[in-house]
Amino acid sequence: MSTTTRVAPTARPVGSAAQPSESEPDFETLAKRVDAAIAALADLDDGPRSVAEEVKAAIEAVHRVGLTTMVRRMRADAAARPVLFDLVDDPVVHLLLSLHGIVRPDPMTHANRVLAEVRPQLQSHGGDVSLIRIEDGIAFVRLEGACNGCSMSSVTLRNLVESALVDNVPSVTGLEVLPNQPSPTLIPLEALRVGPDPASEGWVSAGPAGAVSDGQLVARNLASSSGASADVIVVNVGQRFSAYRNECAHEGLPMDNAVVDTANGTLTCPWHGFCYDAGSGECLSAPGAQLEQLPIRIDSGEIWVRVAV
């Protein structure tokens, strides 16, 4: 009688990420395999296809429960949370969690992508739209140009915006148009000047502006001559610089690795996905929250941040 010897899997220390081996398929290969399987499923007769779809649904249900349990427990464990956030950055893991609805796109980012698709139609009629915030399922927007009026054309364009958002963004259930406000004049960065002794006024150099490219965020620990110090982030979006204390308004976690979206002008916290307006620090995920903004100036190509008054 033959005896089968089972070899126990080698244990991996908790918190250590598995490194993909050379034999593991990459993201594109996996995606193509899924597409091919779905295409083959559609070609089956009704009976076999129903059985195959039920098997698929049952397996997905098991995966969804298991993945949700793992994510919930890792988020509840302070030591495991960084590992979880690293895993979510992996394209295969992110796709898997997205398929099961565990990771959802930020509503503001999703809505702005939808508006980008209808914007050419609005602009062809001399109008445009700006998404201000999403609150309790209502998208607050400002209509510009021809959209900002009372003609039937304006009503049609408003309905276009509302339909695009309500039909394509699950978290949006309605639209509210805000009255337009006068836009402040933008002062060129190089026109701003600090005094002859900026250090005495609490200003600290954060390095050359040229070292912070458009769409980039850098973290700095700055200390003034008076002894005041601050961990700050400096953000460049469209050559407009902003400085904030390096603390998310949610739980005070660092924003060093925040995602900068230049198209939407937003910062997204890498820890829990809270989204902020990059220029004002206003939280778009939880209205009322705010990054702590610090005064910032550019003088002769150098960034100065005021950490103390």
Side-chain angles (χ1 to χ4, degrees), residues 82 85 106 108-109 112 130-133 142 181-309:
F85 299 137
D106 173 77
M108 286 292 293
T109 299
N112 273 309
S130 296
L131 178 63
I132 307 305
R133 67 181 185 276
R142 285 198 175 94
Q181 297 178 345
S183 300
T185 301
L186 299 179
I187 302 174
L189 295 174
E190 292 299 327
L192 300 177
R193 293 288 183 267
V194 297
D197 184 13
S200 66
E201 302 171 7
W203 293 91
V204 181
S205 171
V212 187
S213 304
D214 187 12
Q216 187 180 7
L217 174 154
V218 297
R220 296 282 189 267
N221 178 263
L222 305 179
S224 69
S225 58
S226 65
S229 64
D231 289 320
V232 307
I233 55 172
V234 177
V235 189
N236 178 2
V237 175
Q239 297 306 316
R240 296 186 64 185
F241 288 75
S242 303
Y244 304 99
R245 290 195 182 273
N246 191 7
E247 297 177 355
C248 178
H250 177 218
E251 291 187 352
L253 294 170
M255 297 278 289
D256 297 22
N257 296 316
V259 177
V260 182
D261 187 330
T262 54
N264 296 311
T266 59
L267 294 174
T268 300
C269 175
W271 299 99
H272 301 104
F274 276 61
C275 185
Y276 299 89
D277 183 290
S280 68
E282 177 188 1
C283 184
L284 306 175
S285 303
Q290 182 92 19
L291 293 177
E292 184 177 347
Q293 192 166 27
L294 298 173
I296 184 171
R297 308 177 83 168
I298 308 294
D299 182 52
S300 299
E302 188 170 5
I303 302 171
W304 293 84
V305 179
R306 197 172 194 180
V307 299
V309 178

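Not measured: the values here are computed from a predicted model. Start at 1 with the first residue, then count along the sequence.
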Check residues 204-220 and write down every donor-acceptor pair under 3.5 Å in which the side-chain atom is one partner and the other belongs to a residue at least two apart or another chain.
| unit_1 | atom_1 | unit_2 | atom_2 | d |
| --- | --- | --- | --- | --- |
| S205 | OG | G207 | N | 3.3 |
| S205 | OG | E302 | OE2 | 2.3 |
| D214 | OD1 | G238 | N | 2.6 |
| Q216 | OE1 | S213 | N | 2.8 |
| R220 | NE | A206 | O | 3.2 |

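- Scored by the side chain to side chain donor-acceptor pair (under 3.5 Å) test, T262 finds no partners at all (sequence neighbours excluded).
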* Asked: Under the side chain to side chain contact (heavy atoms under 4.5 Å, CB included) criterion, do M108 and D277 qualify, and how do the steps go?
  -> CA-CA 10 Å; M108 286 292 293; D277 183 290; over 6 Å; no
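- Using modelled atom types, one side-chain atom of N246 and one backbone atom of M255 make a donor-acceptor pair closer than 3.5 Å.
- Here the shortest heavy-atom pairing between Y276 and L291 reads CD2-CG, 3.6 Å.
- What you find for C248 and C269 is that their closest heavy atoms are SG-SG, 3.7 Å.
- Atom CG in L222 sits 9.0 Å away from atom OG in S229 (nearest 0.5 Å).
- Listed by chain and residue number, N264 satisfy the side chain to side chain donor-acceptor pair (under 3.5 Å) test with D261 (two or more places apart in sequence, or in another chain).
- Scanning both residues, T268 and C275, for their nearest heavy atoms gives OG1-SG, 3.9 Å.
- Scanning for side chain to side chain donor-acceptor pair (under 3.5 Å) contacts around N221 gives D231, with sequence neighbours left out.
- Put simply, CZ on F241 and CD1 on I303 are 5.0 Å apart, with the number rounded to the nearest 0.5 Å.
- When all heavy atoms of S224 and V307 are compared, the closest pair comes out as CB-CG2, 3.8 Å.
- Listed by chain and residue number, nothing satisfies the side chain to side chain donor-acceptor pair (under 3.5 Å) test with Q293 (two or more places apart in sequence, or in another chain).
- Between the Y244 side chain and the Q290 main chain, no donor and acceptor come within less than 3.5 Å of each other.
- By the side-chain contact (heavy atoms from CB on, under 4.5 Å) test, P295 is found to be paired with W203, R306, residues two or more places apart in sequence or in another chain being considered.
- The heavy-atom pair separating C283 from F274 by the smallest distance is SG-CD2, 3.8 Å.
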* To do: Assess whether side chain to side chain contact (heavy atoms under 4.5 Å, CB included) is satisfied between L267 and V260, documenting all intermediate values.
  => CA-CA 5 Å; L267 294 174; V260 182; 3.6 Å; yes
